[in-house]
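Read through the structure below, which is laid out as structure tokens, and then see the notes.
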Amino acid sequence: MKKYRILNGMVYTEQNYFAKKTVYMAGERILDRDAYEACRGEDTLLDASGCYVIPGLTDIHFHGCAGSDACDGTVEALRRIARYEGAHGITTITPATMTVSEEQLMAVARAAAAYRASGCMDKAAQGSAAYRGEGESVGAVLAGLYLEGPFISAAKKGAQNESYIRRPDAELFQRLNEAANGCIRTVALAPETDGALEFIRAHAGRVNVSLAHMTADYETTRRALEAGASQITHLYNAMPGFHHRDPGPIGAAADDPSCMVELICDGIHIHPAVVRATFRLFGEERVILISDSLRACGMPDGEYELGGQHFYLEQKRATLLDGTLAGSASNLMDCLRTAVKTMGIPLSGAVRAAAVNPAKAVGIFDEYGSLEPGKYANLVILDQELCIRAVYIHGRKV
């Protein structure tokens with residue numbers, strides 16, 4: 001069994017601050033000192049002097065990267081996505097779909113199920129995914145899928161394809177989740193649409209329900225949150241704004257202490273002052289950093305495809321032909337760096353929002369999201385400039 005003792009680093013603790021301490025890894029797990037000493041195997045020392053040691057990040061909402069998209073609906077696309085994400089310190093992922101045809105959504109669901117059963121992935125306790133360590137490279141753990149669309153508002157469709165928008169449909173969701181072998185972690189929907197509240201009441205206990213692409217006012221959003229929705233998809237984007245006489249969904253989310261909010265910190269979608277205000281309004285314990293990245297992430301400027309539509313990437317800005325923002329071209333680790341280095345968010349708060357909170361939101365915090373003994377050894381070592389020095393996924397170095 002491989003054993004690693006990481007020394008002299010500033011370690012992100014379960015109390016959400018940094019402290020100089022030692023991290024022990026053996027096999028796939030983080031261990032306490034006594035359990036580590038009891039394990040057989042060569043003791044490998046890793047000196048993290050001058051570095052931060054943080055949990056691997058979890059991106060619960062992104063579409064693709066490295067030229068591939070979840071909606072490609074193939075195992076190979078998911079494999080390329082997982083390898084790129086893992087190499088950038090994003091060690092658990094729930095890729096997002098788009099508003100596309102049921103046939104295409106079924107292909108995505110089947111590909112996710114096949115990927116998790118292919119030998120690259122194995123199921124751990126309670127259906128969460130675990131990397132077995134086979135194959136030529138280590139990829140991010142595919143913890144499930146994020147269903148963004150088709151249950152959205154046409155008036156706030158953003159870069160989604162209006163042709164495939166439909167009312168919340170419990171039977172469609174059930175078919176997709178069965179095809180995905182139960183791995184849909186999040187369903188996004190517009191709360192003002194016909195049947196939305198009934199869907200939330202029926203499914204909120206079994207899947208994370210996030211409110212998205214909506215025209216909902218304060219009261220409608222409040223009712224949806226009371227019914228069991230617990231999250232807001234990419235706060236500020238594709239929804240009414242926050243006005244002092246009409247607080248809308250943002251005000252309703254702020255009033256509900258159990259509601260978490262996604263935030264795209266790519267430096268394009270949201271002004272730095274608004275990012276800082278959001279952390280103050282909601283508290284770092286309720287903010288989830290996401291990338292919302294597209295297949296163009298990690299690729300050169302040019303023309304790309306998203307949900308059957310074309311978009312253009314120029315200097316990190318991705319837009320449809322009419323100028324509508326189409327998502328981001330930044331991975332989650334880039335977003336964390338932007339939040340800290342240009343937006344003034346403390347590193348401890350950014351790590352909490354990019355590692356701890358997303359893992360809690362999609363129900364995998366029992367195995368991922370912190371460096372507590374007993375959890376999988378998913379961690380990243382960053383230097384003082386927040387550049388990656390090492391990534392470990394299930395105890396294996398990427």
Side-chain angles (χ1 to χ4, degrees), residues 54-71 77 80-96 98 139-140 146 148 158-159 233-238 261-276 278-279 287-307 311-320 323-345 347 349-355 357-358 380 382-383 385-388 391 398:
I54 67 171
L57 308 188
T58 293
D59 199 347
I60 65 168
H61 183 177
F62 76 107
H63 299 276
C65 53
S68 293
D69 189 288
C71 280
R80 284 193 296 268
I81 288 169
R83 288 174 181 169
Y84 173 91
E85 296 291 314
H88 289 82
I90 302 106
T91 59
T92 43
I93 55 175
T94 63
M98 290 287 291
Y146 187 118
E148 185 185 15
T233 295
H234 44 51
L235 192 72
Y236 304 110
N237 299 112
V261 295
E262 301 174 2
L263 211 56
I264 307 172
C265 290
D266 62 346
I268 294 172
H269 279 75
I270 304 171
H271 192 280
V274 177
V275 171
R276 291 189 292 272
T278 303
F279 271 82
V287 176
I288 300 171
L289 293 190
I290 63 166
S291 71
D292 200 16
S293 68
L294 310 174
R295 69 169 75 244
C297 179
M299 302 292 286
D301 286 356
E303 181 178 343
Y304 297 89
E305 183 270 341
L306 174 69
F311 72 92
Y312 301 87
L313 177 66
E314 183 176 1
Q315 297 182 346
K316 287 287 188 178
R317 188 180 185 89
T319 60
L320 300 182
T324 301
L325 279 175
S328 90
S330 297
N331 64 58
L332 185 58
M333 187 63 77
D334 285 338
C335 291
L336 180 146
R337 291 190 192 98
T338 299
V340 173
K341 300 178 77 170
T342 69
M343 295 178 169
I345 303 302
L347 179 59
V351 171
R352 188 173 187 177
N357 298 344
V380 184
L382 301 173
D383 66 18
E385 295 300 314
L386 306 186
C387 296
I388 292 175
V391 178
V398 178

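Starting from 1, each residue takes its place in the sequence as its number.
Between P55 and V351, the shortest heavy-atom distance links the atoms CD-CG1, 3.9 Å. Closest approach of A355 to G56, counting heavy atoms only: CB-O, 3.8 Å. Taking both residues in full, the closest heavy atoms of A140 and I93 are given as CB-CG2, 4.0 Å, listed atom of the first, atom of the second, then distance. Taking both residues in full, the closest heavy atoms of G327 and A318 are given as O-CB, 3.9 Å, listed atom of the first, atom of the second, then distance. Here the closest heavy-atom approach between residue M299 and residue A66 is recorded as SD-C, 3.7 Å. L336 and A354 get closest at one heavy-atom pair: CD1-CB, 4.0 Å.
Residues T233 and Y146 bring a donor and an acceptor atom of their side chains to less than 3.5 Å of each other. Side chain to side chain, D59 and S291 meet the donor-acceptor criterion of an N or O pair below 3.5 Å.
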Q. Can L294 and F62 be said to form a side-chain contact (heavy atoms from CB on, under 4.5 Å), step by step?
A. CA-CA 7 Å; L294 310 174; F62 76 107; over 6 Å; no

Q: Kindly indicate, with the supporting measurements, whether the criterion side-chain contact (heavy atoms from CB on, under 4.5 Å) is fulfilled by L289 and C265.
A: CA-CA 7 Å; L289 293 190; C265 290; 3.6 Å; yes

Q.
What verdict does the side-chain contact (heavy atoms from CB on, under 4.5 Å) test give for S328 and H269, after you've listed the backbone C-alpha separation in whole Å, the side-chain angles of each residue and the deciding distance to 0.1 Å?
A. CA-CA 8 Å; S328 90; H269 279 75; 4.2 Å; yes

Q.
Could you go through N331 and Y84, starting from their C-alpha distance and side-chain angles, then the distance that decides it, and tell me whether this counts as side chain to side chain donor-acceptor pair (under 3.5 Å)?
A. CA-CA 9 Å; N331 64 58; Y84 173 91; 3.2 Å; yes

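For the pair V287/R352, no side-chain contact is recorded, criterion being any heavy-atom separation below 4.5 Å from C-beta on. Inter-residue side-chain proximity for F311 and L320 is flagged as met; some heavy-atom pair is nearer than 4.5 Å. Looking at K316 and D266, their side chains never come closer than 4.5 Å, going by heavy atoms from C-beta outward. In this structure, the side chains of Y304 and D69 stay at 4.5 Å or more apart for every pair of heavy atoms. Contact of the I388 side chain with the L382 side chain is registered, since non-hydrogen atoms from C-beta on lie closer than 4.5 Å.
Between the side chain of R295 and the main chain of E305, a donor-acceptor pair closer than 3.5 Å is present. Judged by distance alone, the side chain of H271 and the main-chain N or O of A273 form a donor-acceptor pair under 3.5 Å.
Aromatic pair H234/H61: ring centres closer than 6.0 Å.
Rounding to the nearest 0.5 angstrom, the gap separating the CZ atom in R317 from the CG atom in D301 is 13.0 Å. Taken from CD1 in I345 to OG1 in T338, the straight-line distance is 11.5 Å, to the nearest 0.5 Å. In this structure, E85 CD and L332 CG are separated by 8.0 Å, a value rounded to the nearest 0.5 Å. The CD1 atom of I290 sits 4.0 Å away from the CD atom of E262 when rounded to the nearest 0.5 Å.
By the 6.0 Å contact criterion, CD on E385 is open, its count of non-hydrogen atoms from other residues, nucleotides or ligands being 12 or less.
A side-chain contact (heavy atoms from CB on, under 4.5 Å) with I288 is found for exactly one of L263, T58, I60, L235, namely I60.
Sequence neighbours left out, the pairs with a member in residues 326-336 that pass salt bridge (Lys or Arg N to Asp or Glu O under 4.0 Å) are D334-R337.
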